[in-house]
K.L.:
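Below is the structure I would like to discuss, written out as C-alpha cells.
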Amino acid sequence: MGKKSKKTKTKREINVSTKARANRSRLKVNGGVFVYTGAISAGELAKAINIPIGEVIKFLFLQGKMVTINTILDDELIGLVCLQFGYDFQKQNIVPAEHFEELEINDDPSKLKPRPPVVTIMGHVDHGKTTLIDAIRDSSVVDSEYGGISQGIGAYQKKCHGQKITFIDTPGHEAFSQMRARGAGVSDIVILVVAADDGVMPQTIEAIDHAKAAEVPIIVAINKIDKPGSNPKRVKEALLAHDVICEEYGGDVLTVEISAKKKTNIEGLLESILLVAEIKELKANPDRFAMGTVLEAKLNRREGPKATLLVQNGTLKKGDFLVVGTTFAKARRITNEHQKVLQTAGPSTPVSIIGLSEVPLAGDRFMAFSQESEAKTIANKRRLLKETSERSKSSAASLEDLYNLAKEGETQTINIIIKADSTGSAEAVRASLEKLSTEKIKINIIRASSGGITESDVLLAEASKAIIYGFNVRPDAKTRAKAKEDKVEIRLHRIIYALIEELEEAMKGMLAPVMVEEVLGQAEVRKLFKASRIGTIAGCRVTEGVIKANSPVRLIRDGIVVYEGKLASLQREKDAVREVRLGFECGMTIENYNDIKENDIIECYQMVEQK
C-alpha cells in the first residue's frame with residue numbers, strides 16, 4: 001500500500017473538521033490523493049478517480065481478482081487500483097464531534113514545541129509522596145490533609161535548571177486506585193516512592209501495574225534513607241520480582257535515594273526527571289484549541305463549579321468555550337496552583353477554571369471549541385449519551401437493618417448515596433464500597449457526587465430506601481431535619497478507613513456499640529472582629545439548637561468541613577456564658593484557629609455511646 005498523506009490541521013480546523021467532513025462527500029480526490037471513508041464498490045471507486053469501470057475490472061482480473069461493478073473492495077484492493085492509475089490514497093475515520101476524545105490529531109512537525117514533562121508521584125500510603133511534593137515545592141501540603149494522607153489529586157509546577165516540571169500527587173490508600181490509574185494515564189513519567197524502611201507494599205505493586213499499563217517510564221525514589229533500619233538495597237531487590245530492574249542490576253530504571261523530610265538529594269531526583277524527559281523528546285502543538293483531562297472538580301459556593309484541568313495539547317485561553325465531560329463551560333477565570341490569574345495555559349499546564357454549567361467528573365476529557373453554540377450542542381449530546389447508559393434501581397434498608405439481615409443470613413441489597421468534598425473522593429469511596437459486595441449482600445451505589453448533602457439527596461434516599469454517606473461534607477440544619485422526618489440515615493466520615501470499616505463490620509453482622517456524634521446546634525457567622533491578644537472573634541447568630549461552651553466544634557464552609565477543634569470562648573455581649581440558644585446572638589473564638597469567614601457555619605456537637 002502507498003504511504004498515507006498527512007494533512008496538517010490548523011488550530012481552528014481541528015474543532016470543525018469532524019462536522020465538515022461529515023457534511024461532504026465520503027469520496028473525493030484531493031491533490032492526487034483519493035480520500036475515502038468506509039466500504040466502497042468498484043464502480044464508486046472508478047467514478048471517483050475518473051477511470052472507466054472496465055479498465056478497473058480488467059486490472060483486478062489480471063491480479064487474480066474477479067470483481068463486478070457492485071463488488072465491495074477491501075482497503076488492499078483500493079490501494080492497488082489507486083497506485084495503478086497514479087493516485088495516492090487515504091482512508092479517513094469519521095469521528096462524531098461528541099466523541100472528540102477519539103480524534104486522531106496529526107500535527108505538522110514544524111509546529112511542535114517542547115513541553116514540560118508531566119510527572120505523577122505514586123506509591124504506598126505513608127511512604128512520603130506528599131512530603132516529597134512539599135520538599136520540591138517548599139510547601140506544607142501534608143499538614144492540611146486529614147489523617148496525614150492525600151485524599152485528592154494535587155497538581156503543581158516546579159522549575160529546575162530553567163525548565164518546568166509538572167507534578168501530580170496521587171493518594172496511596174487502596175481506595176484511590178482509580179484516581180492513581182487516572183494519574184498514570186496522563187503522565188509522561190511516574191515517580192515510584194518506596195520507603196527504605198518499609199519496602200515494597202501492596203499499593204507499590206499497584207502503582208507499578210498502573211505505570212506499566214500506561215506504558216510510562218518509572219523512576220524509583222527510595223525515601224526515608226535517614227531512618228533507622230532503612231535498606232535501599234533490599235528495596236531494589238524486591239522490585240526485581242515485579243520486573244522493575246534498576247540500572248545497577250542491568251535494567252533501565254533510574255533509582256534515586258532521598259529523604260523527603262530532610263530534603264536530601266531532591267536536586268538529584270529532579271535532574272533524573274529532566275534526563276528521562278530529554279530522552280522522550282516531549283512535544284506538543286500550542287497553536288490549537290486546548291484538549292486535556294479533568295484531574296479534580298468540586299462545587300464552590302462563591303465561585304460555583306470549579307475544575308482542575310491538565311492541558312495536554314493546545315493552549316487554553318480565558319473566554320474559551322469548553323466541553324468538559326458532559327458539561328459546557330466558558331473559561332471565565334483561569335488560575336494556577338498559587339491562585340495567580342492566567343490569561344493562557346499551554347501544554348502540560350495544570351490550572352483551575354470556573355464558569356462551568358455543573359461539576360464534571362474527575363477523569364473526564366475536555367476540549368475547546370470556536371463557537372459557544374457548537375460547544376453547548378456537543379455537551380448536550382454527550383450528556384444524553386451518558387444518561388441513556390447509566391440507570392440502576394433497587395430497594396434497600398438502613399445500616400441497622402443490614403446488620404440484622406446479616407445476622408439472620410438473608411440476602412439483601414443496600415442502596416447508598418455518596419456525597420463528598422470532590423468528585424475524585426466520591427469516586428474513590430464508590431469504588432471501595434462496591435468491592436464490599438458479597439453473595440448475600442449487594443452494595444448498590446445510586447449516586448456518587450461532590451458537594452454538601454442537600455434535601456434532594458434526602459428525597460432520593462427516601463424514595464430508594466438508601467443510606468447517605470457523607471465524606472468530608474455536612475448537611476445543614478434544614479437538610480438534617482428533613483432526613484430525621486423522613487427517617488433517612490446519614491453517616492458522616494472524614495477518614496475513608498473508618499467509613500469502609502463501619503459498613504464492612506455491619507455486613508459481617510458485627511455492629512458493635514460505638515461512640516456516635518450528636519449535633520447540639522449551629523451558628524452562622526455574621527460579623528468578624530479582630531483582637532490582637534485573642535485573634536478572630538466570630539459574631540454569630542444561633543440558627544439551630546444550642547451552642548455550649550468548651551464543646552468540640554467544626555467550621556463548615558460551602559457544606560464542607562474546613563476545620564475541627566474546640567470552642568475557646570463563648571460570650572453574650574461582654575459576659576462569658578455556658579450556652580447560647582436558638583435565635584440569640586453571641587461571640588465565640590475557636591482554639592488555635594483564626595481563618596473564619598462571614599457566612600461560615602460553626603457546628604457544636606458531643607459524642608455519646610450508642611449500641
K.L.:
Would you say the ring centroid of Phe369 lies under 6.0 angstrom from that of Phe321?
P.N.:
no
K.L.:
Heavy atoms only: give me the nearest Ile258-Ile225 pair and the separation to one decimal.
P.N.:
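Closest heavy-atom pair between Ile258 and Ile225: O-CG1, 3.2 Å.
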K.L.:
Are the side chains of Val276 and Leu254 in contact, using a 4.5 Å heavy-atom criterion?
P.N.:
yes
K.L.:
Just by distance, do the side chain of Lys419 and the backbone of Gly452 share a donor-acceptor pair under 3.5 Å?
P.N.:
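Yes; at least one donor-acceptor contact below 3.5 Å.
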K.L.:
When rounded to the nearest 0.5 angstrom, what distance separates OG1 in Thr204 from CG in Leu239?
P.N.:
8.0 Å
K.L.:
Is there a donor in the side chain of Glu271 and an acceptor in the side chain of His161, or the other way round, less than 3.5 Å apart?
P.N.:
yes
K.L.:
Are any non-hydrogen side-chain atoms of Glu267 and Cys160 less than 4.5 angstrom apart?
P.N.:
yes
K.L.:
State plainly whether the residues Asp75 and Lys91 are in salt-bridge range, i.e. N to O under 4.0 Å.
P.N.:
yes
K.L.:
Measure across Val323 and Ala375 and return the closest heavy-atom pair with its distance rounded to 0.1 Å.
P.N.:
CG2-O, 3.2 Å
K.L.:
Say whether, by atom type as modelled, one donor and one acceptor occur between the side chain of Ser187 and the main chain of Val190 under 3.5 angstrom.
P.N.:
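No, because the side chain of Ser187 does not come within donor-acceptor range (under 3.5 Å) of the backbone of Val190.
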K.L.:
When rounded to the nearest 0.5 angstrom, what is the spacing between CD1 in Ile121 and CD1 in Ile133?
P.N.:
3.5 Å
K.L.:
When you look at CD of Glu278, are more than 12 heavy atoms from neighbouring residues, nucleotides or ligands closer to it than 6.0 Å?
P.N.:
no
K.L.:
Indicate yes or no: does Asp595 engage Lys597 in a salt bridge with an N to O separation below 4.0 Å.
P.N.:
yes
K.L.:
Can you find a heavy atom in the side chain of Pro305 that is under 4.5 Å from one in the side chain of Ser357?
P.N.:
no
K.L.:
Do the side-chain N and O atoms of Asn223 and His127 include a donor-acceptor pair separated by under 3.5 angstrom?
P.N.:
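No, no side-chain donor-acceptor contact under 3.5 Å.
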K.L.:
Met201 versus Asp198: any side-chain heavy-atom pair under 4.5 Å?
P.N.:
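SC-SC contact between Met201 and Asp198 confirmed.
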K.L.:
So, Glu296 versus Thr423: side-chain donor-acceptor pair below 3.5 Å or not?
P.N.:
yes
K.L.:
Counting only N and O atoms by type, is there a donor-acceptor contact under 3.5 Å from the side chain of Lys158 to the main-chain atoms of Ile136?
P.N.:
yes
K.L.:
Flag the pair Arg474 and Glu517 as a salt bridge only when some basic side-chain nitrogen lies within less than 4.0 angstrom of an acidic carboxylate oxygen.
P.N.:
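Salt bridge flag = yes for Glu517 with Arg474.
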K.L.:
So, the side chain of Arg491 versus the backbone of Gly470: is there a donor-acceptor pair under 3.5 Å, distance only?
P.N.:
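No.
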K.L.:
Among residues two or more places apart or on two chains, list those pairs meeting salt bridge (charged side-chain N to carboxylate O under 4.0 Å, His left out) that have a residue in residues 216-225.
P.N.:
none
K.L.:
With sequence neighbours left out, write down each residue that passes ring-ring contact (aromatic ring centres under 6.0 Å, His included) with Phe328, or none if nothing qualifies.
P.N.:
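In terms of ring-ring contact (aromatic ring centres under 6.0 Å, His included), with neighbours along the sequence ignored, Phe328 is linked to no residue.
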K.L.:
Measure the CG-NZ distance between Leu132 and Lys129 for me, rounded to the nearest 0.5 Å.
P.N.:
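Rounded to the nearest 0.5 Å, the CG-NZ separation comes out at 10.0 Å.
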K.L.:
So does Glu281 have more than 12 non-hydrogen atoms from other groups sitting under 6.0 Å from CD?
P.N.:
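No.
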K.L.:
Going by atom types alone, do Ser348 and Gln312 pair a side-chain donor with an acceptor below 3.5 Å?
P.N.:
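The answer is no; no qualifying pair exists.
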K.L.:
State the NZ-CG distance between Lys261 and Asp134, to the nearest 0.5 angstrom.
P.N.:
12.5 Å
K.L.:
Among Val118, Asn336, Val311, Thr166, exactly one meets side-chain contact (heavy atoms from CB on, under 4.5 Å) together with Pro350. Which residue is that?
P.N.:
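By the side-chain contact (heavy atoms from CB on, under 4.5 Å) criterion, Pro350 pairs with just one of Val118, Asn336, Val311, Thr166: Thr166.
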K.L.:
Would you call Arg115-Asp188 a salt bridge at under 4.0 Å N-O?
P.N.:
yes
K.L.:
Rounded to the nearest 0.5 Å, how far does CD1 of Ile445 lie from CD1 of Ile416?
P.N.:
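So the gap between those two atoms works out to 4.5 Å.
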K.L.:
So, taking the atom named CG in Asp197 and the one named CD1 in Ile222, what distance separates them when rounded to the nearest 0.5 Å?
P.N.:
12.0 Å
K.L.:
What's the shortest heavy-atom distance between Glu502 and Tyr469, and which atoms?
P.N.:
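Looking at all heavy atoms of both residues, the closest pair is OE1-OH, 2.8 Å.
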K.L.:
Using the side-chain contact (heavy atoms from CB on, under 4.5 Å) definition, which of the options Val186, Val119, Thr308 pairs with Ile168?
P.N.:
Val186
K.L.:
Please determine if Lys236 and Glu257 form a salt bridge, counting it only when a charged side-chain N lies under 4.0 Å from a carboxylate O.
P.N.:
yes
K.L.:
Using atom types as modelled and distance alone, determine if a side-chain donor or acceptor of Asn285 lies under 3.5 Å from a backbone N or O of Asp287.
P.N.:
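Present.
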K.L.:
Of the non-hydrogen atoms in Gly250 and Ile245, which two are nearest, and what is the gap between them?
P.N.:
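Shortest heavy-atom separation between Gly250 and Ile245 comes out as C-CG2, 4.2 Å.
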K.L.:
Can a salt bridge be assigned to the pair Arg430 and Glu427 using a cut-off of 4.0 Å between side-chain N and carboxylate O?
P.N.:
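Answer for the salt bridge query: no.
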